[in-house]
Amino acid sequence: MKTVCVVTGTRAEYGLLKWVLSGINESPLLNLQLIITGMHLSPEFGMTVEEIEKDGFFINRRIEMLLSADTPSGVSKSMGLGLIGFADAVAELRPDIVLILGDRFEILAAAISAMVARIPIAHLHGGEATEGLIDEAIRHSITKMSHLHFVAAHAYRRRVIQLGEDPECVFNVGGLGIDSIKNMTLLPREVLEDELNLKFSTRNLLVTFHPVTLDQSSSEEQMLELLAALRHLVDTTLIFTMPNSDTDGRVLMAAIENFVLESDNAHAFTSLGQLKYLSCMAQVDAVVGNSSSGLIEAPSFKTATVNIGDRQRGRLKCGSVIDCLPVEREVAAAVEQVYLPDFQRGLKEVVNPYGEGGASKAIIDVLETVDLDGILKKPFNDMVSM
């Protein structure tokens with residue numbers, strides 16, 4: 001049996017990994033190890049480790065690394081703590097391969113530790129572009145440390161190969177988020193209202209806005225522009241999910257909390273959990289903010305997305321996505337565009353560029369059959385000379 005060590009540090013990441021974890025658990029050829037870190041272990045961000053335990057997964061190690069400060073210095077120090085914790089964990093667990101997803105600083109610390117320990121790395125959702133974030137550089141750095149690559153689209157596979165990776169080790173499996181939509185029984189509208197203690201209105205928006213780390217305007221300035229655009233909406237229920245623990249994340253949380261206190265139609269949740277989040281996405285008119293879920297999962301529901309700013313610039317987008325600047329009048333205009341008859345008709349024809357599901361099974365199939373002997377020494381795959 002191959003021992004696969006999976007690392008997760010955020011609620012969104014776990015939601016994408018859940019069906020991969022289940023597949024590893026059910027496989028007669030794979031043994032699951034699970035390391036929990038980051039926001040999962042923070043009461044401030046919902047203590048979502050409890051959700052993982054409730055789903056029945058055994059946690060092999062918990063690595064505390066998240067400091068209370070969300071300054072650039074605080075994030076760097078958190079990464080240092082993560083390196084120390086992951087170094088001990090991989091030395092003790094000695095998995096055959098480490099499986100990680102995405103582009104966050106917690107995952108970078110895990111990748112560095114596995115690389116130095118000479119443990120092969122399988123990376124999920126590489127090759128994507130988010131030009132407004134430091135995550136862009138982190139993601140591509142993890143690609144160069146990794147040995148197996150599971151990407152969400154053909155364009156992303158091409159980009160990973162462009163970075164010098166062996167085409168035979170790069171697998172286009174589609175978006176993992178689609179598997180959750182296919183595998184979960186979503187909550188009906190009335191049940192969701194009871195669970196969240198709110199009432200849907202004539203119009204409904206799901207708002208998720210995360211920090212931006214490379215923009216000239218601050219995350220707080222962009223959030224205030226967004227809130228100003230939402231403040232004057234009539235007969236519209238606003239469902240906020242709190243941002244990640246990136247630089248300035250807590251500033252955004254405070255702004256949302258103040259907005260909700262002043263608004264009868266706004267509701268904020270530290271962590272909805274994947275079931276409630278996707279159930280909300282199925283019920284609302286649009287996802288508003290800068291979350292990747294608006295580009296990857298929302299199209300499967302034919303739900304519109306108002307994509308604000310540059311955080312997701314570079315990702316594949318379909319016709320359900322409306323891009324706008326992080327400026328009050330631009331956001332307000334984009335929200336109104338959602339309700340135009342022509343746009344609503346177009347939503348019915350939307351095809352999700354991230355596929356129709358099946359990514360988790362495809363990943364398990366590769367993990368079961370791949371030969372890891374000699375995989376650590378990988379040549380740089382030079383492209384044809386220009």
When rounded to the nearest 0.5 angstrom, what distance separates [atom1] in [X] from [atom2] in [Y]?
| X | Y | atom1 | atom2 | answer |
| --- | --- | --- | --- | --- |
| Lys144 | Ile121 | NZ | CD1 | 12.5 Å |
| Ile375 | Ile97 | CD1 | CD1 | 6.0 Å |
| Ser292 | Leu16 | OG | CG | 7.0 Å |
| Asn290 | Gln222 | CG | CD | 7.5 Å |
| Leu66 | Met39 | CG | CE | 7.5 Å |
| Lys361 | Ser22 | NZ | OG | 15.0 Å |

Distance-only donor-acceptor check, side chains [X] and [Y], under 3.5 Å:
| X | Y | answer |
| --- | --- | --- |
| Ser291 | Thr208 | no |
| Ser293 | Tyr277 | yes |
| Gln33 | Thr3 | no |
| Arg139 | Thr130 | yes |
| Thr37 | Glu106 | no |

Mark yes or no for whether [X], through its side chain, and [Y], through its backbone, hold a donor-acceptor pair below 3.5 Å.
| X | Y | answer |
| --- | --- | --- |
| Arg157 | Val151 | no |
| Thr48 | Gly46 | no |
| Ser27 | Leu29 | yes |

So do the side chains of [X] and [Y] get within less than 4.5 Å of each other, counting heavy atoms only?
| X | Y | result |
| --- | --- | --- |
| Leu205 | Val284 | no |
| Phe301 | Leu278 | yes |
| His267 | Leu196 | no |
| Leu30 | Ile364 | yes |

Using a strict cut-off of less than 4.0 Å between a Lys/Arg side-chain nitrogen and an Asp/Glu carboxylate oxygen, indicate whether [X] and [Y] qualify as a salt bridge.
| X | Y | value |
| --- | --- | --- |
| Glu50 | Arg11 | no |
| Lys276 | Glu195 | yes |
| Lys18 | Asp55 | yes |
| Arg250 | Glu220 | no |
| Arg313 | Asp323 | no |

Give the minimum heavy-atom separation between [X] and [Y], together with the two atoms involved.
| X | Y | answer |
| --- | --- | --- |
| Ile161 | Val170 | CG1-CG2, 4.1 Å |
| Ala304 | Val338 | CB-CG1, 4.0 Å |
| Ala298 | Val287 | CB-CG2, 4.2 Å |

query = Within 45° of the ring axis of Tyr339 and under 6.0 Å from its six-membered ring centre, is that where the NZ or CZ of Arg203 lies?
reply = yes
query = Are more than 12 heavy atoms from other residues, nucleotides or ligands located less than 6.0 Å from atom CZ of Arg329?
reply = no
task = Take atom CG of Asp235 as the centre, draw a 6.0 Å sphere, and report whether it contains more than 12 heavy atoms from other residues, nucleotides or ligands.
result = yes
ask   = Yes or no on side-chain contact (heavy atoms from CB on, under 4.5 Å) for Asn204 and Gln283, after CA distance, side-chain angles and deciding distance?
value = CA-CA 8 Å; Asn204 305 280; Gln283 295 295 334; over 6 Å; no
key: Derivation of the side-chain contact (heavy atoms from CB on, under 4.5 Å) call for Val351 and Cys318   = CA-CA 7 Å; Val351 175; Cys318 62; over 6 Å; no
query = Going through the distances and angles, do Val6 and Ile100 end up as a side-chain contact (heavy atoms from CB on, under 4.5 Å)?
reply = CA-CA 6 Å; Val6 182; Ile100 52 180; over 6 Å; no
request  = Kindly state each residue pair satisfying side-chain hydrogen bond (donor to acceptor under 3.5 Å, both in side chains) with at least one member in residues 75-94, sequence neighbours excluded.
outcome  = Arg61-Glu92
task = Go through Arg159 and His140 one step at a time and tell me if the side-chain contact (heavy atoms from CB on, under 4.5 Å) criterion holds.
result = CA-CA 10 Å; Arg159 191 172 289 140; His140 297 329; 4.2 Å; yes
request  = Please name the residue in the list Asn60, Ile119, Leu34 that meets the side chain to side chain contact (heavy atoms under 4.5 Å, CB included) test with Leu93.
outcome  = Asn60
request  = Go through the structure and list residues passing side chain to side chain contact (heavy atoms under 4.5 Å, CB included) with Thr143, not counting sequence neighbours.
outcome  = His123, His149, Val160, Leu163, Glu165
query = Does Tyr14 belong to the same Ile/Leu/Val/Met/Phe/Trp/Tyr cluster as Ile35, with side-chain heavy atoms less than 4.5 Å apart forming each link?
reply = no
Listed partners of Phe171 passing ring pair (Phe, Tyr, Trp, His ring centres under 6.0 Å), at least two apart = Phe150
message = In this structure, is the centre-to-centre distance between the rings of Phe209 and Phe240 below 6.0 Å?
response = no
